[in-house]
Amino acid sequence: MISAGSSVRKRVWRKVVVALMAGVVAIGALIYLMRYDMVVWYMEGNKKAQERVILQMLENARLIIARDLKMTLPEKLWSTLAGKRNEKERQADALQDVRKFGELGFENHWLKFKNVHNLGSINGFKLDGFSFALGWNRGHTNEVLAAFNVNFMKREVGKMQIK
């Protein structure tokens, strides 16, 4: 004969299991809905993500600096005679300036990661298909410098578009 107490315990355990499963599903749904904001929070506090951005800025700036900071023959002669910086030193100093700009931008919160997965554009910058952006926010300007996607499974930056 089954006692009334065991059937009550079974119902209580069923309710506990159902409540736990509902809690797990609710937390999973919340994480899924907030995944873009969670990635932004992670990138904002992660020095490695900021360093990757700075390295990408340096890589993009290296080509521009090499192209634009060329010296003509008279300029090279004048800098040699006057004891001023030569072309390579100027380019190295410019790359150091870009690095310092990136570091200060993150320290002073001028450079910020943004969740833009539901936006089409910001200030004329087309964000079609991109979920995240790196924005410059200084004074009253809010400008997008780059838009990119993040592969959630691999936890790495995917496709990127730079302004």
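Quick caveat: nothing in here was measured; it's all calculated off a predicted structure.
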**Student:** How long is the span from the NZ atom in Lys70 to the CD1 atom in Ile65, to the nearest 0.5 Å?
**Tutor:** 12.5 Å
**Student:** Examine distances only and state if a side-chain atom of Arg35 and a backbone atom of Tyr32 form a donor-acceptor pair shorter than 3.5 Å.
**Tutor:** yes
**Student:** With rounding to the nearest 0.5 angstrom, report the CE to CD distance, Met57 to Glu103.
**Tutor:** 10.0 Å
**Student:** If I take atom CG from residue Leu63 and atom CG from residue Asp68, how far apart are they, to the nearest 0.5 angstrom?
**Tutor:** 10.5 Å
**Student:** Membership question, hydrophobic clusters at under 4.5 Å side-chain separation (ILVMFWY): are Leu58 and Trp136 in the same one?
**Tutor:** yes
**Student:** Grouping I, L, V, M, F, W and Y whenever their side-chain heavy atoms are under 4.5 Å apart, do Phe101 and Trp110 come out in a common cluster?
**Tutor:** yes
**Student:** Would you give the length of the straight line joining atom CG of Asp93 to atom NZ of Lys100, rounded to the nearest 0.5 angstrom?
**Tutor:** 14.0 Å
**Student:** May I ask you to check whether over 12 heavy atoms, not counting those of Trp78, lie within 6.0 Å of atom CH2?
**Tutor:** no
**Student:** Donor-acceptor pair, Asn149 side chain versus Phe132 backbone, under 3.5 Å?
**Tutor:** no
**Student:** For the residue pair Leu134 and Val144, establish whether any side-chain heavy-atom pair is separated by less than 4.5 Å.
**Tutor:** no
**Student:** Do the side chains of Ile31 and Trp41 join up, straight or via other hydrophobic residues, at under 4.5 Å, putting them in one cluster?
**Tutor:** yes
**Student:** Taking side chain to side chain contact (heavy atoms under 4.5 Å, CB included) as the definition, give me every residue that meets it alongside Lys47, ordered by chain and number, with sequence neighbours left out.
**Tutor:** Gln50
**Student:** For residues 48-62, which residue pairs pass the salt bridge (charged side-chain N to carboxylate O under 4.0 Å, His left out) check, not counting sequence neighbours?
**Tutor:** Glu51-Arg99
**Student:** Compare every heavy atom of Gly102 with every heavy atom of Leu111, then report the nearest pair and how far apart it is.
**Tutor:** CD1-O, 3.8 Å
**Student:** Between the side chain of Asn115 and the main-chain N/O of Tyr36, is any donor-acceptor distance below 3.5 Å?
**Tutor:** no
**Student:** Can you name the nearest heavy-atom pair linking Gly135 to Lys114, along with the distance?
**Tutor:** CA-CE, 4.0 Å
**Student:** Hydrophobic clusters here meaning ILVMFWY residues chained together by side-chain heavy-atom distances under 4.5 Å, can you tell me if Leu145 and Ile64 are in one?
**Tutor:** no
**Student:** Donor-acceptor check, side chain of Glu44 to backbone of Phe113, threshold 3.5 angstrom: yes or no?
**Tutor:** yes
**Student:** Tell me every residue that passes ring pair (Phe, Tyr, Trp, His ring centres under 6.0 Å) with Tyr42, counting only those two or more places apart in sequence or in another chain.
**Tutor:** none
**Student:** Spell out, yes or no, whether Ile27 and Leu30 are grouped together once hydrophobic residues are joined by side-chain heavy atoms under 4.5 Å, including indirect joins.
**Tutor:** yes
